[in-house]
Protein chains: 2
Amino acid sequence: MITIREVAERAQTSIATVSRVLNNLDGYSEQTKVKVLKAAEELGYESNAIARSMIIKKTNTIGVVFPNISSMITYEFLNGIEDVTYKNDFSVIVSYTYSQPERMMKALRTLYEKRVDGIIFTSDEVTDDYLNYLEKIDIPVVFLSTKSEKSTIPYVKVNDFAAAFDAVDYLIKNEHTNIGLIAGNPDDTIAGIPRIEGYKAALKKAGLPVREEFIRYGYDFSFNDGKSRFEDLINENPDITAVFAVSDEMASGAITAAHQMGIDIPGQISIMGYDNTMISEVAYPALTTLAQPLRKMGSEAVKLLIKMIKGDQFKEEVVLDHSVIERQSVKKRNKSES
Amino acid sequence: MITIREVAERAQTSIATVSRVLNNLDGYSEQTKVKVLKAAEELGYESNAIARSMIIKKTNTIGVVFPNISSMITYEFLNGIEDVTYKNDFSVIVSYTYSQPERMMKALRTLYEKRVDGIIFTSDEVTDDYLNYLEKIDIPVVFLSTKSEKSTIPYVKVNDFAAAFDAVDYLIKNEHTNIGLIAGNPDDTIAGIPRIEGYKAALKKAGLPVREEFIRYGYDFSFNDGKSRFEDLINENPDITAVFAVSDEMASGAITAAHQMGIDIPGQISIMGYDNTMISEVAYPALTTLAQPLRKMGSEAVKLLIKMIKGDQFKEEVVLDHSVIERQSVKKRNKSES
DNA sequence: GATATTAGGTTAAACGTTTACGTAAATGTA
DNA sequence: TACATTTACGTAAACGTTTAACCTAATATC
């Protein structure tokens, strides 16, 4: 492997000068610059980021940890992240942790060993163990689509409560009163509880009763989860006319179940999803859904992280806007608005 | 940041001994081992992989480059990759290149600068520029779902020709004779041409004519691509009874188009996909498709790469099995087989 | 003409490890 | 007892950079 030393030799100068030329600093004549560049070119020199990192104490690398969330969410996040890491000359190390604590801890430890400049922690519940470790290693961290009350680590999220509220509100505005909920795990403080509470709040605000039997709790936001919850929900509550599923995958599962049960969507029952991933377009009928700006969330998270890496110490919280995307899975009976 | 030196000081020994203890080598007494471990623990020492890499010349990191292929394919590949990198204590740097040459070259250069131990190059056409660079830097590389005739770099793939052949053969066995093809880009030597040729070969073998007007060429294997190709294809050829789309996303687009055109799937037209990503389950009717073992492809690729990194120089090619997954989008009229 | 400044370099230390080599003490062997 | 071997360390070099500190000659300033 060819080093700065060999370049210096060939250019008949010192390694310090070579370093300066290569880093566009000053302190050399045009003549030596040319000699150095020529020598580097001829030798096919490529700088060694490891050696460089060793002394500047920056790796220009960030780490991203994902639990086992939906493929499409992961993809959108990652694309948003790469959009800005690319522009800022950062590399990204990704780890899937499948929400397993040992795997998560190992991932964090490895990221620290490799001296990443910052970490994006996505979508997973933040346990005390994680938090303690993150605080101990003391490198910039931002939470993406999660947060922790116990720390001042900044986050990028949508407001899950408000988003669920708006989704249900949209159904109510379209004259639905018997609205079922296919929820996340009721122990999940991030994507579980807030959406359940948003659902309840929307009903209450409209003066509708909150009926526990209209709520089914899922576990992993998956297609199959949504499918079986839907069957169960509708079999036991034939009077439901709309259901809000807290992920697009669940909503797609519900649609497939409906097809199999001979239920017309949206003729008999309207279904609303959450996320606005690609799946909502592929489903038939196409899913009306509550959109999170996933890609933007990814890019905002890195922007924030890079700011922190560059030294800005003030810590912001970013709450991005959500919106309802109307497609074909909800019957529109909205009389009051345009 | 706390170093081996400080640990040595606190344990009243030398840095060499500390290093030996921490790396489980021998050459120290039980007593000093305890002292060192205790000191390290108390100081919260965590080793610095950068400094380590500097001298051992290994980073335990690999790079993976993705073009802009389907989110679900990317996800499956990455999961397969992580399954085995995790077990082997490697980290993975991922770069999305969106098939842009400058971005690709920059990604490769960065990976080399950061001295990754190996590279997995996925799904993209291998240009001479890429190949030259890969050969120049001389680190282990494996191609995943792509290959190059011009080099001996090993690859992990399915046989696209045979897979497409089998898909079309399946349609023929189910008594379809007028079979349309929604193909990839006819300039794409990886996922384009071989699948087109497989389609043609299956027809020929069955004594069916190859009719150019039954073939539509897409560009990016996307949902919208499949949707508009299908509309076009069926409008101009009402006698078609089955269509093979060379990606699940395209096939889903075709299904959606069919719904909008009032065509019953599979009653009037059967549709077959390719990939067996999650989308094929979500589509309605669920897609009968040609399955690639995506996750396994990812894990086999890293296994091979790690073998090469560890020093095995013989280069294997891995061609994994494909299969037809029967769901509901193809009308079964198979009289001859069970 | 004397001094200060600048341009254009060089030398060497530093980053945090691993490891080859040296050596003194402990242990084994004849 | 004498010698050989092994154990348990310590010292220092090395990895490939960046950069502070230093140097010299040329130019500018008065």
Side-chain angles (χ1 to χ4, degrees), chain A residues 1-37 39-40 43-61 89 109-110 112-117 137 139, chain B residues 1-40 43-61 89 109-117 137 139:
Chain A
M1 199 189 27
I2 122 100
T3 75
I4 215 181
R5 183 155 275 112
E6 303 171 53
V7 175
E9 212 161 295
R10 174 177 266 253
Q12 309 210 82
T13 179
S14 70
I15 59 167
T17 299
V18 172
S19 176
R20 280 191 286 252
V21 171
L22 263 23
N23 289 294
N24 269 314
L25 305 177
D26 44 25
Y28 48 84
S29 65
E30 184 61 24
Q31 198 188 19
T32 46
K33 175 179 175 181
V34 170
K35 275 198 303 182
V36 167
L37 259 22
L43 292 170
Y45 171 79
E46 306 234 17
S47 76
N48 183 326
I50 297 292
R52 177 157 213 273
S53 291
M54 172 106 246
I55 103 117
I56 68 171
K57 290 171 174 320
K58 289 267 166 258
T59 52
N60 267 36
T61 302
D89 288 309
R109 215 180 306 273
T110 301
Y112 181 59
E113 277 188 2
K114 298 204 170 154
R115 295 301 189 266
V116 294
D117 296 334
I137 63 180
I139 63 181
Chain B
M1 199 189 26
I2 123 98
T3 76
I4 216 183
R5 184 154 273 113
E6 303 170 53
V7 176
E9 211 161 296
R10 174 177 266 251
Q12 309 211 80
T13 180
S14 70
I15 58 168
T17 299
V18 172
S19 176
R20 280 189 285 250
V21 172
L22 264 21
N23 289 295
N24 267 315
L25 305 177
D26 43 28
Y28 48 85
S29 65
E30 184 61 24
Q31 198 189 20
T32 46
K33 176 179 174 180
V34 170
K35 275 198 306 183
V36 168
L37 258 24
K38 183 156 166 286
L43 292 171
Y45 171 80
E46 306 234 16
S47 75
N48 183 327
I50 297 291
R52 178 157 212 272
S53 292
M54 172 106 248
I55 104 116
I56 68 171
K57 291 172 174 316
K58 289 267 166 259
T59 52
N60 267 36
T61 302
D89 289 309
R109 216 180 305 273
T110 302
L111 290 175
Y112 181 59
E113 276 188 4
K114 299 204 169 153
R115 294 303 188 264
V116 293
D117 297 334
I137 63 181
I139 63 181

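All values below were derived from every heavy atom in this structure, side-chain atoms included, with hydrogens, water molecules and symmetry-related copies excluded. In the text below, chain A, chain B and the rest are named by the order of the sequence lines, each starting its count at 1.
Comparing the helix axis at one end of the helix from C/dG1-D/dC30 to C/dA30-D/dT1 with that at the other, each defined from 5 consecutive pairs, gives an inter-axis angle of 40° (nearest 10°).
One interatomic measurement links the two molecules: CD1 of B/I4 to P of C/dG16, which rounds to 11 Å at whole-angstrom precision. Remark: C1' of C/dT18 and CG of B/L22 are 12 Å apart, rounded to the nearest angstrom. A/I50 places its CD1 atom 15 Å from the C1' atom of C/dT18, with the value rounded to the nearest Å. To the nearest angstrom, P of C/dT10 lies 8 Å from CZ of A/R20. For the pair B/M1 CE and C/dA14 P, the computed distance is 16 Å after rounding to whole Å. For the pair B/N48 CG and C/dT18 P, the computed distance is 10 Å after rounding to whole Å. Between B/I55 atom CD1 and D/dT17 atom P the separation is 16 Å, expressed in whole Å. Between the CZ atom of A/R52 and the C1' atom of C/dG16 there is a distance of 18 Å, rounded to whole Å.
Taking only side-chain nitrogens and oxygens, A/Y45 comes nearer than 4.0 Å to OP1 or OP2 of D/dT17. Distances shorter than 4.0 Å separate none of the side-chain N or O atoms of A/R5 from OP1 or OP2 on D/dG16. Residue A/S29 places at least one side-chain N or O closer than 4.0 Å to OP1 or OP2 of C/dG9. Phosphate proximity of C/dG16 to B/S47: absent, as no side-chain N or O sits under 4.0 Å from OP1 or OP2. Dashed line: the shortest gap from a side-chain N or O of A/K57 to OP1 or OP2 of C/dG16 is under 4.0 Å. Applying the 4.0 Å criterion to OP1 and OP2 of D/dG16, one finds that A/T3 has every side-chain N and O outside that range. A close approach under 4.0 Å does not occur between any side-chain nitrogen or oxygen of B/S19 and OP1 or OP2 of C/dT19. Put simply, A/T13 has a side-chain N or O that comes within less than 4.0 Å of OP1 or OP2 on C/dT10. For C/dC15, the OP1/OP2 oxygens have no side-chain nitrogen or oxygen of A/S53 closer than 4.0 Å.
Checking B/T17 against B/R115, the closest nucleotide of DNA chain D that is more toward the 5' end is the one next to B/T17. Positionally, the nearest nucleotide of DNA chain D for B/G27 lies more toward the 5' end than for the other of B/I15 and B/G27.
Taking the side chain as every heavy atom from C-beta outward, A/D117 and A/I139 never approach each other to under 4.5 Å. The shortest side-chain heavy-atom distance between B/R52 and B/N23 falls under the 4.5 Å cut-off.
Atoms CZ and NZ, on B/R115 and B/K57 in that order, are 8.0 Å from each other to the nearest 0.5 Å. Note that the CG atom of B/N48 and the CE atom of A/M54 stand 5.5 Å from one another [nearest 0.5 Å]. Distance check: B/R20 CZ to B/I15 CD1 gives 10.0 Å after rounding to the nearest 0.5 Å.
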Can you give me every donor-acceptor pair (side chain of residues 3-13 of chain A, partner residue at least two apart or in another chain, under 3.5 Å) with its distance?
unit_1	atom_1	unit_2	atom_2	d
A/T3	OG1	A/R5	N	3.1
A/E6	OE2	A/T3	N	3.3
A/R10	NH1	A/E42	OE1	2.1

Inset, instruction - Determine, step by step, whether A/V36 and A/L22 satisfy the side chain to side chain contact (heavy atoms under 4.5 Å, CB included) criterion, reporting the C-alpha distance in whole Å, the side-chain angles of both residues, the deciding distance to 0.1 Å, and the verdict. - result: CA-CA 8 Å; A/V36 167; A/L22 263 23; 4.2 Å; yes

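Minimum atom distance to the side chain of B/A16 is reached by D/dT11, of the listed D/dT11, D/dC9, C/dC15.
Checked by atom type, the side-chain pair A/K114/B/T61 shows a donor-acceptor distance below 3.5 Å.
Across all strands shown, A/N23 has heavy atoms under 4.0 Å from sugar-phosphate atoms exclusively, and none from any base.
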